[in-house]
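As structure tokens, the structure follows; a few thoughts come after it.
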Amino acid sequence: MSQKIIVTGGAGYIGSHTCVALIESGFDVVVFDNLSNSQIDSLDGVARITGTRPEFINVDCTDITALRSAFATHRDAVGVIHFAAFKAVGESVSNPLLYYRNNLGGLINVLDLMREFDVPNIVFSSSATVYGVPEKLPVTEQTPLQPATSPYGATKVMGENIIRDTVRAYPQISATLLRYFNPIGAHPSAEIGELPNGIPNNLMPYITQTAAGIREYLNVFGDDYDTPDGFCVRDYIDINDLARAHVAALRHMLSGATGVGVFNLGTGQGTSVMELIDAFRDATGVDLPYRIAPRRAGDVPAIWANCDLASRVLNWRAVVPLNETLASAWRWQKHVSGIK
């Protein structure tokens, strides 16, 4: 009998790709999502890729009564992958209470109900933002956490601490904290990908929407950072590699790992915004109109990951080359935009 996993925020970008990876690995998937920044159509895409449509429950994790009802229906779950959170750095600066209420309140409710219904494992969607502006690169899991540069980053630091304290008090729960760097790309089938509501906050959908003519030009925020070419440097990881890491983390806990594990998920390589624009042109043949805009509040100049621990403990490593990732993102954009 397959093991059941609850995926909160499972209709979103990272969630839907992780649903594919889980189903292809033999897990039974149930999605909890309120569709505030996702589309139910993504689960149709999951079904077309895998032949299996995850069960879907429309529920907001901050609504404890509705969430308890959803958990009660799936008390046989062996784990939760918790994606349900707001994730735009700029928006968190302008609307911090929204982020604290949603990101922390939802997590606390999930942990409460895991205790109540004896669900033993959680994989937490954390972020490289917990490292703030690091003094040394690349960052490892032992890199000291710096003060968060945005309320979004603060919710990830607090979320990690809430989980650590919970596991310390209730050792029947095990947790894995996955610190993502910058997920980009789409499933190779172009059945699912990143489709934000409104104006994108992430770079990659802004690039593809500009390439598709939906946006007039790409805003590049700042060209005077202390980096080799003056542009922000990030570690861009293929979404399918990232999805596989969640399966690896679950398997690690289901095979007996206890306590709290912490892992960086990235490629181990930094790429500047301008290098990414050039690489997109090389991968797709599409030139992007762009303009230099003022720096954005909360942006870190440069960060990339050392992922040796995930390789050693989870037997996971990012393998998809950047040009394939960029080509998949463009295939997905053409698919949703009806471009031949």
Side-chain angles (χ1 to χ4, degrees), residues 12-14 16-17 20 37-39 41-42 44-45 48-49 87-90 180-225 227-243 266-296 299 302-304 318-340:
Y13 173 46
I14 304 175
S16 59
H17 287 81
V20 168
N37 192 31
S38 58
Q39 289 81 18
D41 297 355
S42 67
D44 298 331
R48 286 191 293 271
I49 294 165
K87 61 187 176 81
V89 168
Y180 310 162
F181 282 68
N182 291 67
I184 61 171
H187 192 270
S189 66
E191 291 289 358
I192 54 174
E194 188 169 12
L195 190 63
N197 293 338
I199 297 172
N201 287 295
N202 292 345
L203 177 60
M204 199 66 233
Y206 216 115
I207 284 177
T208 58
Q209 289 187 13
T210 302
I214 297 167
R215 309 284 163 200
E216 189 179 349
Y217 50 79
L218 172 69
N219 279 313
V220 176
F221 296 104
D223 62 351
D224 58 350
Y225 285 97
T227 59
D229 65 2
F231 297 96
C232 282
V233 173
R234 296 290 183 269
D235 188 335
Y236 295 100
I237 176 174
D238 187 273
I239 187 65
N240 303 286
D241 279 335
L242 187 68
T267 65
Q269 184 172 338
T271 302
S272 79
V273 172
M274 194 53 61
E275 287 172 332
L276 194 73
I277 291 170
D278 291 342
F280 181 81
R281 183 189 59 236
D282 293 345
T284 65
V286 180
D287 248 330
L288 289 176
Y290 67 87
R291 71 173 188 182
I292 307 302
R295 290 187 183 193
R296 215 167 36 170
D299 275 346
I303 189 165
W304 65 92
V319 296
V320 181
L322 182 61
N323 64 326
E324 283 185 26
T325 302
L326 295 172
S328 73
W330 180 228
R331 271 197 308 277
W332 161 249
Q333 185 66 59
K334 289 196 292 185
H335 171 72
V336 295
S337 301
I339 298 171
K340 297 300 181 193

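Along the sequence shown, the residues carry numbers beginning at 1. Just so you know, these numbers use all the heavy atoms, side chains as well, and skip hydrogens, waters and symmetry mates.
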List the atom of Ala279, the atom of Leu322, and the distance in Å for their closest heavy-atom pair. CB-CD2, 4.2 Å
Pairwise side-chain contact, Ile192 with Ile239, heavy-atom cut-off 4.5 Å (strictly under): no
Within the 4.5 Å heavy-atom criterion, are Thr210 and Pro289 side-chain neighbours or not? yes
Is there a side-chain contact between Ile207 and Gln333 (heavy atoms, below 4.5 Å)? no
Do Phe221 and Leu203 have side-chain heavy atoms sitting under 4.5 Å apart? no
Could you tell me whether a side-chain N or O of Asn240 sits under 3.5 Å from a main-chain N or O of Ala186, the two making a donor and an acceptor? yes
Determine whether Arg296 and Val89 make a side-chain contact, defined as any pair of heavy atoms from C-beta on separated by less than 4.5 Å. no
Side chain Ser337, main chain Ile339, donor-acceptor under 3.5 Å: no
Mind listing the closest non-hydrogen atom pair of Asp229 and Ser272 along with its distance? OD2-OG, 2.6 Å
Which is it for Thr267 and Phe181 under the side-chain contact (heavy atoms from CB on, under 4.5 Å) test, yes or no, and what are the steps along the way? CA-CA 9 Å; Thr267 65; Phe181 282 68; over 6 Å; no
Side chain proximity check, Phe231 to Glu275, heavy atoms < 4.5 angstrom: no
Side-chain (Trp304) to main-chain (Val233) donor-acceptor, under 3.5 angstrom: no
Any sub-3.5 Å donor-acceptor pair from Asp223's side-chain atoms to Gly230's backbone N or O? no
For Trp332 versus Glu194, what's the shortest heavy-atom pair and its separation? NE1-O, 2.9 Å
Can you tell me how far CD of Gln269 sits from CZ of Arg234, rounded to the nearest 0.5 angstrom? 15.0 Å
Which class fits the ring pair His17 and His187: parallel under 30°, tilted 30 to 60°, perpendicular over 60°? tilted
If you take all heavy atoms of Ala327 and Ala283, which pair is closest and at what distance? N-CB, 4.4 Å
dist Ser189:OG -> His335:NE2 (nearest 0.5 Å) comes out at 8.0 Å
Taking side chain as C-beta onward, heavy atoms only, is Pro188 less than 4.5 Å from Arg331? yes
Please report the shortest heavy-atom distance between Thr284 and Leu326, naming the atom on each side. CG2-O, 4.3 Å
Rounded to the nearest 0.5 Å, what separation is found between the OG1 atom of Thr208 and the NZ atom of Lys334? 11.5 Å
Out of curiosity, Phe280 CZ to Leu218 CG, how far, rounded to the nearest 0.5 Å? 10.0 Å
So CG of Asn202 and OH of Tyr13: to nearest 0.5 Å the spacing works out to 8.5 Å
One should read off an interatomic distance between Ile184 CD1 and Asp235 CG, to the nearest 0.5 angstrom, of 10.0 Å
Pair Asp224-Arg295, side-chain contact (heavy atoms from CB on, under 4.5 Å): steps then yes or no: CA-CA 9 Å; Asp224 58 350; Arg295 290 187 183 193; 3.0 Å; yes
Thr271 and Tyr236 have their tightest heavy-atom pair at O-CE1, 3.4 Å
Worked check of side-chain contact (heavy atoms from CB on, under 4.5 Å) between Val286 and Arg281: CA-CA 5 Å; Val286 180; Arg281 183 189 59 236; over 6 Å; no
Verify, without hydrogens or angle tests, whether Asp241 (side chain) and Val319 (backbone) share a donor-acceptor contact under 3.5 angstrom. yes
